[in-house]
*Asks:* 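For reference, the structure I am asking about is given below.
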2 protein chains.
Amino acid sequence: MNEAELSKPERSGRLSADDWAQAALDMIAEQGVAAVAVEPLARRLGVTKGSFYWHFPSRDALLVAALERWEKLELETVWGQLEAVPDPRQRLRALFEMVAHEFKSHVIYSELLKALDHPAVQPVIGRVSERRMDYLTASFRQAGLGRTDAQHRARLAYSAYVGFLQLNLQLHQTRMQHDEFEAYVEHMMATLIPSV
Amino acid sequence: MNEAELSKPERSGRLSADDWAQAALDMIAEQGVAAVAVEPLARRLGVTKGSFYWHFPSRDALLVAALERWEKLELETVWGQLEAVPDPRQRLRALFEMVAHEFKSHVIYSELLKALDHPAVQPVIGRVSERRMDYLTASFRQAGLGRTDAQHRARLAYSAYVGFLQLNLQLHQTRMQHDEFEAYVEHMMATLIPSV
DNA sequence: ACCTGAACACCGTTCAAGT
DNA sequence: ACCTGAACACCGTTCAAGT
């Protein structure tokens, strides 16, 4: 590869719809949903904005495509990892650990939580949440709770998870230190996980 | 008042900065933060958009003014009501009841949670959250928890509160029925409130 | 099959001129 | 002290024309 190619993201001549969707997803991770704009993306990809409309009918359609991409990704990686953990307590802990250490998938999840304003974001986040809550419910049943209690506890635990993400976003200066975070997770587990 | 005046919001001739701020706040409650746009507001107020810039230097400044207005309002009404409830358990219950029945202040709070994307929204929501969490911490101390436990439990409870709001926004079709909601609140209280 | 370039609409912002 | 109206920048969208 020569020097001229180093300055731009390498691609083989022309773009595909997937290239645009991936660029949009990167943009969400970097600067949030609002930053997904046709003109800046076109600049970044080295084409004019007019060409965008050959691949997608609208900016909205691009957002939807990017979000579908993310949904598939998070289903495979993040959620797949958790499924491997048999003990329900360990699973909850693993979930919170993942949040704390900010994998890319969670960065995007946070960005989407901030942009719930947008109609395209709501259904995706809704589906992901529903899936996660079903999963937690099953975990709590395995841990010995009755059906109704398991459902309520799952809702409570998932609320705690979403709320925790939000608070971390909100109280940016008060971002928790590692030790404090560990202590909080302990407290949360002791409170939410049924004892053996 | 004659028929011509009925079609427009009544006002005495010219506008003040407060009129614009209130109109912006109404817009947030109705259609969210993104809907706060100079041109539509000007149309609604019956003036041209140019006049807006006599009152505010930018759209952002308007947003900030509207949010300050809301912060003062919510501090007086919502939070003032809770302060009147002496028992910490009743207080938590009162808080969740308020969320469930969607007072205007909570409608706006929800809208702001959805628009955490916006730099002007974050500090306001941050201050309000901090105040609420301090308040919860004090309640849990009164209810008999040690200092650290009270802090953690307050964070957990507030996360549950914020997360609950979020889930209600997300799972719109699955919006809880009254009985189910009451049962959930019972479960949450039994889990989060220390026993006597 | 994919891209350019010019055009238009919409909104934020500026400013000289009006009352 | 507050408003108008024209101007410009920026972004979404369309489309005829290019390769």
Side-chain angles (χ1 to χ4, degrees), chain A residues 4-5 7-28 30-67 69 111 115 117-121, chain B residues 4-5 7-28 30-67 69 111 115 117-121:
Chain A
E5 277 165 347
S7 54
K8 302 187 178 191
E10 45 260 289
R11 51 188 182 80
S12 49
R14 321 188 87 110
L15 298 171
S16 66
D18 272 352
D19 291 326
W20 282 93
Q22 185 56 49
L25 199 49
D26 292 344
M27 209 59 158
I28 293 175
E30 287 167 34
Q31 306 182 46
V33 172
V36 177
V38 177
E39 211 165 21
L41 282 177
R43 268 199 298 274
R44 182 182 281 205
L45 290 169
V47 291
T48 60
K49 58 181 177 171
S51 76
F52 167 78
Y53 291 89
W54 193 89
H55 302 284
F56 292 97
S58 66
R59 186 206 103 125
D60 245 60
L62 171 64
L63 244 185
V64 169
L67 295 175
R69 216 180 158 76
E111 290 298 341
D117 220 359
H118 200 288
V121 173
Chain B
E5 277 165 346
S7 54
K8 301 186 177 189
E10 45 260 289
R11 51 185 183 81
S12 48
R14 320 189 87 112
L15 298 171
S16 67
D18 271 353
D19 291 326
W20 282 93
Q22 184 56 49
L25 198 48
D26 292 344
M27 209 60 158
I28 293 175
E30 288 167 33
Q31 305 182 46
V33 173
V36 177
V38 177
E39 211 164 23
L41 282 176
R43 269 199 299 274
R44 181 182 284 205
L45 290 169
V47 293
T48 60
K49 59 182 177 171
S51 75
F52 167 77
Y53 291 89
W54 193 89
H55 302 285
F56 293 96
S58 66
R59 186 208 104 126
D60 246 59
L62 172 64
L63 244 185
V64 169
L67 295 176
R69 215 180 159 76
E111 290 297 341
D117 220 356
H118 200 289
V121 173

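All of these numbers come straight from a predicted model, not from anything done at the bench. Chain naming here is simple, since letters A, B, ... match the order of the sequence lines and numbering starts at 1 in each.
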*Asks:* Phe52(A) CZ to dT14(D) P: how many Å, rounded?
*Replies:*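 Taking CZ of Phe52(A) and P of dT14(D), I get 10 Å after rounding.
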*Asks:* How long is the line joining CG of Asp18(B) and P of dC2(D), in whole Å?
*Replies:* 11 Å
*Asks:* What I want to check is whether the side chains of Asp18(B) and Gln22(B) have a donor and an acceptor closer together than 3.5 Å.
*Replies:* no
*Asks:* Give a yes/no on whether any side-chain N or O of His55(A) is located under 4.0 angstrom from OP1 or OP2 of dA1(C).
*Replies:*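 Checking His55(A) against dA1(C): no side-chain N or O falls below 4.0 Å of OP1 or OP2.
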*Asks:* For dT19(C), give its Watson-Crick or G-U wobble partner with both distances under 3.5 Å, or none.
*Replies:*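 dA1(D) - that is the nucleotide pairing with dT19(C), both distances being under 3.5 Å.
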*Asks:* Given atom CD of Glu39(B) and atom C1' of dT14(C), what is their separation to the nearest angstrom?
*Replies:* 15 Å
*Asks:* Report the base-pairing partner of dT13(D) (Watson-Crick or G-U wobble, both distances below 3.5 angstrom), or none.
*Replies:* dA7(C)
*Asks:* Could you tell me whether a side-chain N or O of Arg59(B) sits under 3.5 Å from a main-chain N or O of Ala37(B), the two making a donor and an acceptor?
*Replies:* no
*Asks:* Write down the distance between CG (Asp60(A)) and C1' (dC11(D)), rounded to a whole number of angstrom.
*Replies:*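 These atoms are roughly 14 Å apart.
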*Asks:* Which nucleotide in the list dC11(C), dC3(D), dC11(D) gets nearest to the side chain of Pro40(A)?
*Replies:*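 Looking only at side-chain atoms, Pro40(A) lies closest to dC11(D).
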*Asks:* Ser51(B) side chain: which of dC3(D), dT4(C), dC11(D) is closest?
*Replies:*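 Among dC3(D), dT4(C), dC11(D), the one nearest the side chain of Ser51(B) is dC3(D).
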*Asks:* Can you tell me which nucleotide in dC11(D), dT4(C), dC2(D) comes closest to the side chain of Arg43(A)?
*Replies:*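 Of dC11(D), dT4(C), dC2(D), dC11(D) is nearest to the side chain of Arg43(A).
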*Asks:* Which one, dC2(D), dG12(D), dC3(C), comes nearest to the side chain of Leu15(A)?
*Replies:* dC3(C)
*Asks:* Can you tell me how the ring of Trp20(B) sits relative to the ring of Phe52(B), calling it parallel under 30°, perpendicular over 60° and tilted otherwise?
*Replies:* perpendicular
*Asks:* Quickly work out the Arg14(B) CZ to dG18(C) C1' distance and round it to whole Å.
*Replies:* 10 Å
*Asks:* Just N and O in the side chain of Tyr53(A): are any of them under 4.0 Å from OP1 or OP2 of dT13(D)?
*Replies:*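 Result: yes.
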*Asks:* Less than 4.5 Å apart, side chain to side chain, heavy atoms only: is that true for Asp60(A) and His118(A)?
*Replies:*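 Heavy-atom side-chain distance check passes, below 4.5 Å.
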*Asks:* Does Val36(B) or Gly50(B) map to a spot on DNA chain C nearer the 5' end, using the closest nucleotide for each?
*Replies:*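 Closest to the 5' end, via its nearest nucleotide, is Val36(B).
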*Asks:* Take atom CG of Leu41(A) and atom P of dG12(D), then tell me their distance rounded to the nearest Å.
*Replies:* 9 Å
*Asks:* Distance check needed: dC2(C) P versus Phe56(A) CZ, whole Å only.
*Replies:* 12 Å
*Asks:* Mind running side-chain contact (heavy atoms from CB on, under 4.5 Å) on Val38(A) and Leu62(A) for me, showing each step along the way?
*Replies:* CA-CA 9 Å; Val38(A) 177; Leu62(A) 171 64; 5.5 Å; no
*Asks:* Is Ser58(B) touching bases, backbone alone, or none of the nucleic acid, heavy atoms closer than 4.0 Å?
*Replies:* sugar-phosphate
*Asks:* Starting at atom CE of Met27(B), determine the distance to atom P of dC11(C), rounded to an integer number of angstrom.
*Replies:*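 The answer, rounded to whole Å, is 10 Å.
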*Asks:* Taking the nucleotide of DNA chain D with the closest heavy atom to each, which residue, Lys49(B) or Ser16(B), is nearer the 5' end?
*Replies:*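 With Lys49(B) and Ser16(B) compared, the 5'-side residue is Ser16(B).
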*Asks:* What's the closest nucleotide to the side chain of Val47(B) if the choices are dC11(D), dC10(C), dC3(D)?
*Replies:* dC3(D)
